[in-house]
Amino acid sequence: MASSLSSRSILNASKSRAAWARSSQFSTTAAKNSALKERLAQLIPQQLEHVKAVRAQHGSKSFGEVKVDQLYGGMRGLPALIWDGSVLDADEGIRFRGKTIPECQELLPKAPGGSEPLPEGLFWLLLTGEVPTQEQVTELSKDWAARAAIPSFVEEILDRCPPTLHPMSQFSLAVTALNHNSAFAKAYQDGISKKDYWGPTFEDSMDLIAKLPNIAGRIYRNVFGQGKLPAVDPSKDYSQNLATLLGFGDNENFVELLRLYITIHSDHEGGNVSAHTGKLVGSALSDPFLAFGASLNGLAGPLHGLANQEVLLWLRKMQSKIGENASDEAVKEYVWSTLKGGQVVPGYGHAVLRKTDPRYTAQREFALKHLPEDPMFKLVGQIYNIVPGILLEAGKAKNPWPNVDAHSGVLLTYYGLTQMQFYTVLFGVSRAFGVAAQLIWDRALGAPLERPKSYSTAAIEKIFANKQ
């Protein structure tokens, strides 16, 4: 009898799951056959054949030795991932599908009267490897605007969060809850063929990116008391709508900053914590909402997305102690006091780069154009001329040059977005572009479940026992 009841319970549970899958609705409200999706459908068969050819020619070749120090050192520099959207070179910096940041700034479509690239164009580039037309990015802007609404229960979740809950925790919570209407989860329950996984993954990814401004705007206004959330305007681009939702839409220079910010923060190859986490969780066939929710939890760490907040705190502390327009000697003394106190100079050094981060340079050029006399920007420039020499003298960094975090907080503060706890949310909105693009391609190319081999310390000792 117990066995019969157990079987009946299992059957009823199975029926319940099937009924849920049938009743679950896609969150997509835009047209299914967008130009971007049609272009991807053309590219995927070509890329499948290309990957097969690469594996046939090079699959048995060694990619380099693995050192024990790499295992204990956080897999630093260990070649272990395929990530097609961007590649980070230690000396040259980031390239998005082969294009540098200055090339993206020159080639990608811009808003009328604007000078910074539209993130819509960058996403098109990440997915297709092609520079889109103005018409194509305009269509993508409208597509995302049409998908922008978030379910009422997600709004309620956010509205019930205490303002003391960190914005990144709220962000992750809301993104994970979007899984309720996942197109991929429903399609998988319905038995979709593996070769078609990319289709609902694309829809979820488009919905994910589209809904992030509404989520971010709701968090910002709930936590910092900025009033009722306005509606998304289907005639405006992604960055303009995000700026409006945050309450800064009337400042065109801030909108331009967001266009640049999202573009340069979108992707940084696959080994950083947020990108790798999204790829790893996605490899379990978790839908893009669950995968990116995990990415956000990694991004929230102080060694990753919170770094720009640490930079701003350090700058303000320095300013409060040595004052504005301080001499180079005063700045040098403060930097040395930081190092002698056992602390790092935040915003300097990088796990891969061995030169000034091109993302820092792009932000510096923006500041020189729009806020050259800002005291905090002047301090950032002064530090740029001083800190590398000190770090080299102290032997504290293989790369003594500034990274992206050394500048972004100063720009946001200048335009009035002074709430540092929110900065990583903007980073998260940006990073969705790169993670989503790779998730789509991973499902299109049939990327397997990630399962690297681990070793214990005892096993390492045994492997190298009696060996020189």
Side-chain angles (χ1 to χ4, degrees), residues 13-28 30-60 80-85 97 123-124 126-129 147 175-176 178-209 267 270 275-295 432-453:
S14 178
K15 288 180 178 178
S16 176
R17 284 194 298 271
W20 172 84
R22 287 192 297 270
S23 65
S24 179
Q25 298 297 310
F26 289 8
S27 57
T28 296
K32 291 291 195 297
N33 294 318
S34 67
L36 180 55
K37 191 173 185 181
E38 290 178 355
R39 183 62 184 136
L40 270 179
Q42 296 168 354
L43 291 173
I44 286 171
Q46 301 171 24
Q47 186 65 8
L48 280 168
E49 291 304 314
H50 180 63
V51 170
K52 286 180 184 178
V54 170
R55 294 189 66 174
Q57 184 176 1
H58 304 294
S60 62
L81 297 169
I82 294 294
W83 191 272
D84 288 317
R97 290 286 185 171
F123 185 68
W124 190 291
L126 290 176
L127 269 182
T128 68
R147 300 169 183 256
V175 167
T176 301
L178 291 176
N179 152 266
H180 179 270
N181 293 327
S182 167
F184 180 83
K186 181 182 185 302
Y188 186 82
Q189 289 283 343
D190 289 344
I192 188 175
S193 171
K194 289 183 179 180
K195 66 180 179 63
D196 295 324
Y197 281 173
W198 76 270
T201 301
F202 176 89
E203 296 300 334
D204 278 355
S205 297
M206 292 283 280
D207 283 348
L208 169 67
I209 293 172
D267 207 29
H276 184 200
T277 301
K279 183 178 176 68
L280 171 64
V281 175
S283 80
L285 297 187
S286 298
D287 63 66
F289 304 112
L290 297 179
F292 188 62
S295 291
F433 285 56
V435 172
Q438 188 61 43
L439 284 172
I440 293 167
W441 274 109
D442 280 353
R443 301 291 77 79
L445 300 176
L449 176 72
E450 281 191 28
R451 181 58 173 87
K453 173 64 179 169

Which pair of non-hydrogen atoms, one from Ser182 and one from Ala185, has the smallest distance, and what is that distance? OG-N, 2.9 Å
Assign the ring pair Tyr197 / Tyr188 to parallel, tilted or perpendicular, where the plane angle (0 to 90°) is split at 30° and 60°. tilted
Which pair of non-hydrogen atoms, one from Val435 and one from Trp83, has the smallest distance, and what is that distance? CA-CH2, 4.2 Å
Report the distance from atom CG of Leu126 to atom CD of Gln438, rounding to the nearest 0.5 Å. 9.5 Å
Measure the spacing between CG of Leu127 and CE of Met206 and express it to the nearest 0.5 Å. 8.5 Å
For Asp204 and Ala183 the tightest heavy-atom approach is OD1-N, 2.7 Å
With sequence neighbours left out, write down each residue that passes side-chain hydrogen bond (donor to acceptor under 3.5 Å, both in side chains) with Asp287, or none if nothing qualifies. Asn179
Could you give me the CA-CA distance, side-chain angles and deciding distance for Arg443 and Leu285, then say whether side chain to side chain contact (heavy atoms under 4.5 Å, CB included) is met? CA-CA 8 Å; Arg443 301 291 77 79; Leu285 297 187; 3.6 Å; yes
At what distance, to the nearest 0.5 angstrom, does CH2 of Trp441 lie from CD of Gln47? 5.0 Å
Phe123 meets the ring-ring contact (aromatic ring centres under 6.0 Å, His included) criterion, sequence neighbours left out, with Trp144, Phe433
In this structure, which one of Ser286, Ser295, Pro288 forms a side chain to side chain contact (heavy atoms under 4.5 Å, CB included) with Val281? Ser286
If you round to the nearest 0.5 Å, how far is CG of Asp442 from CD1 of Ile82? 9.5 Å
Are Leu40 and Ile440 close enough, and set up right, to give a side chain to side chain contact (heavy atoms under 4.5 Å, CB included), and what steps lead you there? CA-CA 10 Å; Leu40 270 179; Ile440 293 167; 4.1 Å; yes
Roughly how far, to the nearest 0.5 Å, is CG of Leu445 from NZ of Lys52? 10.5 Å
How about Leu36 and Phe202: do any of their side-chain heavy atoms sit closer than 4.5 Å? yes
Minimal non-hydrogen separation, Ile44 against Ala444, with atom names: CD1-CB, 3.6 Å
Closer than 3.5 angstrom, by distance alone: can the side chain of Ser283 be matched with the main-chain N or O of Glu450 as a donor-acceptor pair? yes
Considering non-hydrogen atoms only, spot the tightest contact between Ala291 and Leu439 and give its length. CB-CD1, 4.0 Å
To the closest 0.5 Å, what do you measure between CZ (Arg97) and OG1 (Thr128)? 7.5 Å
Of all heavy-atom pairs linking Leu449 and Ala284, the shortest is CD1-CA, 3.7 Å
Take Asp207 and Phe289 through the side chain to side chain contact (heavy atoms under 4.5 Å, CB included) test and state the conclusion after the steps. CA-CA 9 Å; Asp207 283 348; Phe289 304 112; 4.2 Å; yes
